[in-house]
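Structure first, then comments.
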Amino acid sequence: MKCVQSTILESLRKVKYYCTQRSRGSVKGNDGKSDSGGNYVRASQYYAPTLRQAPAEAEIPSHKLLVRGGFIRPLTAGVFTFLPLGLRVLRRVENIVREEMNAAGAIEVFMPVLQPRELWERSGRWDTFQPLPLRTEDRTGRWFCLGPTHEEVITDLVAGEITSYRQLPRTLYQIQTKFRDEMRPRGGLMRVKEFSMKDAYSFDIDQAGLDRSYEAMYEAYVRIFERLGLPVVIVEAEAGSMGGHDTREFMVLSENGEDTIFMCDSCDYAANAECAAARPPQPTQSRDKHGEPVLVDTPGATTIQAVCEQLDTEPQQLVKTLLLRADERFVAALVRGDRELNEVKLQRVVGTPNLRMATAEEILALTGAPVGYSGPVGLPEAVEIIADHEIAAMNDFVVGANQNDAHLVGVDAEVDFRVDRYTDLRRAVAGDECPQCSEGYLTAHRSIEMAHIFKLGTKYSEDLDAVFTDKDGQEKPMIMGCYGVGVSRAVAAIVEQHHDDDGIIWPLNVAPFDVVILLLDTESTQLFATAQDLATELEQSGFEVMLDDRDERPGVKFKDADLIGYPLSIVIGRRTADSGEVEVRRRRDRAEKIVALKEAGAAVEQLASGA
RNA sequence: CGGGGCGUAGCGCAGUUUGGUUAGCGCGUCGGCUUUGGGAGCCGAAGGUCGCCGGUUCGAAUCCGGCCGCCCCGACCA
């Protein structure tokens, strides 16, 4: 069944995808259709309000242009209505995602927004998922959340129906509205409280199966973003509150993104700044003893900067000692004075998610000194000392003395204090040597997170009893993966990537319409008939057509067409009508040609191939 | 949640510092005439509880207090 289905879909996809540029899923609805037989839309009957000025609150291009162009309207902070044009774009993005999901063998479902509290308590995420889900209560006092994601629901669903290895693997997906109580929505569609997301979940019998399912999604994503006109960089990432490992993010480089990624300027290494690895430095040449550490007074010097000023030294000559509570025990994390601790890296090393900075009271109890004077020398045995690799390359440095208003100078690791282990603990910074190749250096780039894929393992299947009986008769938890694409965010990202001073430049694959006919003179019944005939002809050859028949001056129509960003336009006015010719234009590069009316269709086809 | 800014007509803004007649300007909207290949011109008109509540005052858009909303910068995520 599944086999037949995916084969048919695959061949359909190939026909659609490879044969013609414009046969994306049609988004024809009953919106403002012409009443004269064709399916084209008449601007005079449509709902596409454009704004001459951008709303004051918009700052980034996609926000300004999507509002000005009549694609979206704000309702309240982080919540938008999609107007007809915006909905058309959204549908086209969804359809591309849907086609690639189907082609990859995933099966579409549609899960509820409303999710009962009990389900979330079984996975332990009712109180821990970040950001906290929006919650609501029914009249009997029963609690629900508005789904921020669907691991619980899908796992519960599958647990009830899949019981045998014979029914696996399966990958299910949906395209649905998600709700997240973002602390700060921003940038128009970039970050909102209510958004459209494609989420897919794979269920496999073993790790190798998961690897295959994951790979299939990975490749589908590569095709999706190619078709959306979004060049992506795929980076190593952290799992966050989703859990899991081997996670990858699909990022679009953009000044207006909220994330920073590091890329090697020499090889293909790329990672989210949150988890980018730091290359261990060359080990120190000598471990010669510099003599006993010397206790020096540093009154009031609780910051790296203050210590450096008082001792006339550099942050690179200091070692920061950070005390953290991990479950019931304490660890000391050591990084060079000018570095920052990456808590996620430490968390991975320590092996517990329950990691937090020690409180002032805890520090006083452990070290006998207030915050700001902690050091590794003389720490209790029970405190594990974990040092960043760079510490191994340092000699003769400064640390806190575990005494109020005092530091130790002339300290050496392993001579003056023990190090339980060395590992990568610091945040990477631009300019670091690449951790993968030996030549390159890391460069920082702002970017937009478009998608995130995870290998979840058995967390949810164990919590929610999604087990199956394997070939050997053993009951085992299913091995899961999950895969998300920000659909409405993709709309914003596409605009960020494809616009100029005049407006949006939609790639043909996602444009609300392929071509607009600008009828400049609406008085002439003859020209109007010509425009209608042309619109019908183009519709019939597969284009989505907007006929701008509004009673507006030519300048208004040109400006709106540029702003809305139709990939192609045809100008019908007196100038060309007298000669029996029309003008065909391409938005992207302003290419244009004047052709005989009956050649217009062919000219559109031709320019479309370069849009 | 912390920091900063803003709230005056459908949209963009001035006026608030220093309280004082009928609260202005541009765009848009409506009517009329002229115009018609890159956001037209002229004439006329409509449209505002100045975010909300309370206070000070003879008098509040303006001063004071509280609340609400929106945007931007930081800790999270598609």
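Lettering of chains follows the sequences in order, A, B, ..., and the numbering in each one begins at 1. As a basis for the values below, the full set of heavy atoms in this structure was taken, side chains included, without hydrogen atoms, waters or symmetry mates.
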Which nucleotide in the set [options] lies at the smallest distance from any side-chain heavy atom of [X]?
{"X": "Phe558(A)", "options": "C77(B), G37(B), G12(B)", "result": "G37(B)"}
{"X": "Gln53(A)", "options": "C77(B), G12(B), G39(B)", "result": "G12(B)"}
{"X": "Thr576(A)", "options": "C76(B), G39(B), G37(B)", "result": "G37(B)"}
{"X": "Pro131(A)", "options": "A78(B), C76(B), G39(B)", "result": "C76(B)"}
{"X": "Pro554(A)", "options": "G37(B), C71(B), C76(B)", "result": "G37(B)"}
{"X": "Phe454(A)", "options": "A78(B), G38(B), C77(B)", "result": "A78(B)"}

Determine yes or no for a side-chain-to-main-chain donor-acceptor pair under 3.5 angstrom, with [X] supplying the side chain and [Y] the backbone.
{"X": "Thr530(A)", "Y": "Gln526(A)", "answer": "yes"}
{"X": "Thr247(A)", "Y": "Ala237(A)", "answer": "yes"}
{"X": "Arg68(A)", "Y": "Leu51(A)", "answer": "yes"}
{"X": "Thr155(A)", "Y": "Glu152(A)", "answer": "no"}
{"X": "Tyr214(A)", "Y": "Asp246(A)", "answer": "yes"}

Output yes when at least one side-chain N/O atom of Ser488(A) is less than 4.0 Å from OP1 or OP2 of A78(B), else no. no
Would you tell me if any nitrogen or oxygen in the side chain of Arg52(A) comes within less than 4.0 Å of OP1 or OP2 on G28(B)? yes
Tell me whether the side-chain N or O atoms of [X] pair up with the base of [N] as donor and acceptor below 3.5 Å, since no angle test is needed here.
{"X": "Glu552(A)", "N": "G39(B)", "value": "no"}
{"X": "Arg553(A)", "N": "U35(B)", "value": "yes"}
{"X": "Asp562(A)", "N": "G38(B)", "value": "yes"}
{"X": "Arg68(A)", "N": "G12(B)", "value": "no"}

What's [X] touching, base or sugar-phosphate or nothing? Going by heavy atoms closer than 4.0 Å.
{"X": "Glu249(A)", "answer": "nothing"}
{"X": "Pro148(A)", "answer": "nothing"}
{"X": "Ala54(A)", "answer": "sugar-phosphate"}
{"X": "Val571(A)", "answer": "base"}
{"X": "Asp560(A)", "answer": "base"}
{"X": "Arg585(A)", "answer": "base"}
{"X": "Val192(A)", "answer": "base"}
{"X": "Asp199(A)", "answer": "nothing"}

Rounded to the nearest angstrom, tell me the gap between atom [atom1] in [X] and atom [atom2] in [N].
{"X": "Phe179(A)", "N": "C77(B)", "atom1": "CZ", "atom2": "C1'", "answer": "17 Å"}
{"X": "Ile60(A)", "N": "C71(B)", "atom1": "CD1", "atom2": "C1'", "answer": "13 Å"}
{"X": "Met190(A)", "N": "C77(B)", "atom1": "CE", "atom2": "C1'", "answer": "14 Å"}
{"X": "Glu343(A)", "N": "C76(B)", "atom1": "CD", "atom2": "P", "answer": "9 Å"}
{"X": "Glu449(A)", "N": "C76(B)", "atom1": "CD", "atom2": "P", "answer": "13 Å"}
{"X": "Lys193(A)", "N": "C77(B)", "atom1": "NZ", "atom2": "P", "answer": "17 Å"}
{"X": "Ile72(A)", "N": "C11(B)", "atom1": "CD1", "atom2": "P", "answer": "16 Å"}

Atom pairs under 3.5 Å, N or O on each side, protein against nucleotides 32-34 of chain B: can you list them with distances?
none

Table of protein N/O atoms under 3.5 Å from nucleotides 72-74 of chain B N/O atoms:
from	atom 1	to	atom 2	distance (Å)
C72(B)	OP1	Gly187(A)	N	3.4
C73(B)	OP2	Arg184(A)	NH1	3.1
C73(B)	OP2	Arg184(A)	NH2	2.7
C73(B)	N4	Arg184(A)	NE	3.4

List, with names and distances, any nitrogen or oxygen atoms from the protein found under 3.5 Å away from nitrogen or oxygen atoms belonging to nucleotides 51-53 of chain B.
none

Parallel, tilted or perpendicular, as decided by the 30° and 60° cut-offs, for the rings of Tyr221(A) and Phe225(A): perpendicular
In terms of relative ring orientation, are Phe513(A) and Tyr566(A) parallel, tilted or perpendicular, with 30° and 60° separating the classes?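 Answer is tilted, since the angle falls between 30° and 60°.
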State, yes or no, whether a side-chain contact exists between Leu518(A) and Ile570(A) at a heavy-atom distance under 4.5 Å. no
Taking the side chain as every heavy atom from C-beta outward, state whether Leu456(A) and Glu151(A) have any pair of such atoms under 4.5 Å apart. yes
So which nucleotide does [N] pair with, by the Watson-Crick or G-U wobble rule with both distances under 3.5 Å?
{"N": "C30(B)", "value": "G44(B)"}
{"N": "C1(B)", "value": "G74(B)"}
{"N": "G54(B)", "value": "C64(B)"}
{"N": "U36(B)", "value": "none"}
{"N": "C6(B)", "value": "G69(B)"}

Consider only side-chain N and O atoms of Glu57(A) and His63(A), and report whether a donor and an acceptor are under 3.5 Å apart.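 No, no side-chain donor-acceptor pair sits under 3.5 Å.
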May I ask you to check whether Asn342(A) and Glu274(A) show a side-chain donor-acceptor distance below 3.5 Å?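 Glu274(A) and Asn342(A) do not have a side-chain donor-acceptor pair below 3.5 Å.
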Walk along nucleotides 41-48 of chain B from 5' to 3' and tag each nucleotide B, S or - by protein heavy-atom contact under 4.0 Å, base first, then sugar-phosphate. --------
If the P atom of C77(B) is compared with that of G39(B), how far apart are they to the nearest Å? 49 Å
Same-atom distance (P) from C71(B) to U29(B), integer angstrom: 27 Å
Matching residue for Glu108(A) among Arg98(A), Gln174(A), Lys198(A) - test: side-chain hydrogen bond (donor to acceptor under 3.5 Å, both in side chains): Arg98(A)
Taking the six-membered ring for Trp, are the ring centroids of Phe203(A) and Tyr460(A) within less than 6.0 Å of each other?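 Distance test on ring centres: not under 6.0 Å, no.
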If stacking means aromatic ring centre less than 5.5 angstrom from the base's six-membered ring centre, planes under 30°, is Phe195(A) stacked on A78(B)? yes
Is it the case that more than 12 heavy atoms not belonging to Arg574(A) sit under 6.0 Å from its CZ atom?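 Open.
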Would one find more than 12 heavy atoms of other residues, nucleotides or ligands at under 6.0 Å from atom CD of Glu340(A)?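 No, CD of Glu340(A) has 12 or fewer neighbouring heavy atoms, counting only those of other groups under 6.0 Å.
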Donor-acceptor pairs under 3.5 Å, side chain of residues 481-489 of chain A to any protein atom, not counting sequence neighbours: which ones?
from	atom 1	to	atom 2	distance (Å)
Tyr483(A)	OH	Ser202(A)	OG	2.7
Ser488(A)	OG	Ser196(A)	N	3.0
Arg489(A)	NE	Met190(A)	O	2.8
Arg489(A)	NH1	Glu449(A)	O	2.8
Arg489(A)	NH2	Met190(A)	O	3.1

Donor-acceptor pairs are to be reported for all side-chain atoms of residues 552-559 of chain A against protein atoms at under 3.5 Å, with residues two or more places apart or in another chain.
from	atom 1	to	atom 2	distance (Å)
Lys557(A)	NZ	Leu519(A)	O	2.6
Lys557(A)	NZ	Asp548(A)	O	3.2
Lys557(A)	NZ	Arg550(A)	O	2.7

